[in-house]
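Just so we're on the same page: letters track the sequence lines, and every chain starts at 1.
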2 protein chains.
Amino acid sequence: MMAQRPRIRIDPASGVPAVRQIADSLRVLLVEGQLVPGTELPSVRRIAMELGVHFNTVAEAYRQLAAEGWLDLKHGRGAVVVARAVPAVNNRARTEDFRNRLRGMVAQMRSQGISADRIAAELRAMAKRVTRS
Amino acid sequence: MMAQRPRIRIDPASGVPAVRQIADSLRVLLVEGQLVPGTELPSVRRIAMELGVHFNTVAEAYRQLAAEGWLDLKHGRGAVVVARAVPAVNNRARTEDFRNRLRGMVAQMRSQGISADRIAAELRAMAKRVTRS
DNA sequence: GTACATTGTATATGTACACTATACAATGAT
DNA sequence: ATCATTGTATAGTGTACATATACAATGTAC
């Protein structure tokens, strides 16, 4: 199976560390099924080149995703997406945490001037997207 | 007007810095109108005591909110909520950013095992909550 | 099979941020 | 005036981020 070219992008001005941006971007693709088990990811140096960061930064992101069970890192051979048993625990604490973080994000957007209607529309669109994925 | 007691809480294990947790929590209350203009906030030392952090940490959060236009800090007198002219700019870039962050957060929750249905329900509930606030 | 290119790994260094400690300055009540 | 209370300013310490550089594992070319 050939190495895909996941279109990930990072924003240096966002304040969010590059490691987390990379891990977050890849996690989105993994969760949404755009990166399926068996796929070989590009090497850390290749992605680092494209993003303009050091390869160790990408390697750290890979390690985080490997720790979450998404990737299998093989020394000298690269990184492969693995079939992951998603924990089916519907933890109440995690849901609570999700709700709070969502509230925080919405508040931040409102504070920046995005209208309530616009935000609500985005939330509904995302809800629809999640259910059909 | 008496000083209210905003029920904010921080989670030391979340990895999110305390400063941001405090600022985020207060911003939620401000955006949602649970803290109205004219309200005197508790002193930085009082909140710091309740949260178990140093008062300078709370002071920094206050300064951030003051920079956003939510608070008026008065040396020796405390912090007061001010009437804030919310910028009405519906920036497209900001909306884009919001969408991406939302995707990332949803992916993280899915990765942690929360079901798609549960997430969708939370998103819809938040959408409803936003529109009526 | 040996050299070589390519891959992920490990360690060290500089920088930025978070958090705390401590001293300071402004305000209002006694 | 004195004092307690408030936010402010500066310095010190620890941790995370990012890079540089050397290392180890793998597969291929010859």
B:Arg63 side-chain N/O to D:dT8 phosphate OP1/OP2 under 4.0 Å: yes

Over how many whole Å does the gap from B:Gln21 atom CD to C:dA18 atom C1' extend? 12 Å

So salt bridge (charged side-chain N to carboxylate O under 4.0 Å, His left out) across residues 27-38 of chain B, not counting sequence neighbours, yields A:Arg103-B:Glu32, B:Asp24-B:Arg27, B:Arg27-B:Glu68, B:Glu32-B:Arg129

Whole angstrom value for the distance that separates C1' of D:dC17 from CD of A:Gln64: 11 Å

All side chain to side chain donor-acceptor pair (under 3.5 Å) counterparts of B:Gln21, not counting sequence neighbours: B:Ser14

What pairs with A:His75 under side chain to side chain contact (heavy atoms under 4.5 Å, CB included), at least two apart in sequence or on another chain? none

Can you measure B:Met49 atom CE to D:dT5 atom P for me and round it to whole angstrom units? 11 Å

On a heavy-atom basis, which atom in B:Val81 and which in B:Leu35 lie closest, and how many Å separate them? CG1-O, 4.0 Å

C:dA18 C1' sits how many Å from B:Glu60 CD, rounded? 10 Å

N/O (side chain, B:Ser43) to phosphate O (OP1/OP2, D:dT6) under 4.0 Å: yes

Heavy atoms under 4.0 Å is the rule here; annotate nucleotides 18-25 of chain D 5' to 3' with B where the base is hit, S where only the sugar-phosphate is, and - elsewhere. SBBB--BB

Rounding to a whole Å, what distance do you find between B:Leu73:CG and C:dT27:P? 14 Å

Check the hydrophobic clustering (I, L, V, M, F, W, Y; side-chain heavy atoms under 4.5 Å; chains of links allowed) and say if B:Leu102 and B:Val28 are grouped together. no

Smallest separation among heavy atoms of A:Ile8 and A:Leu51, with atom names: O-CD2, 3.6 Å

Heavy-atom pair of closest approach, residues B:Ala23 and B:Ala61: N-CB, 4.0 Å

Report, one pair per line, the protein and nucleotides 14-16 of chain C atoms (nitrogen or oxygen only) whose separation is under 3.5 Å.
none

Contacts of B:Glu60 that satisfy salt bridge (Lys or Arg N to Asp or Glu O under 4.0 Å) - sequence neighbours left out: B:Arg63

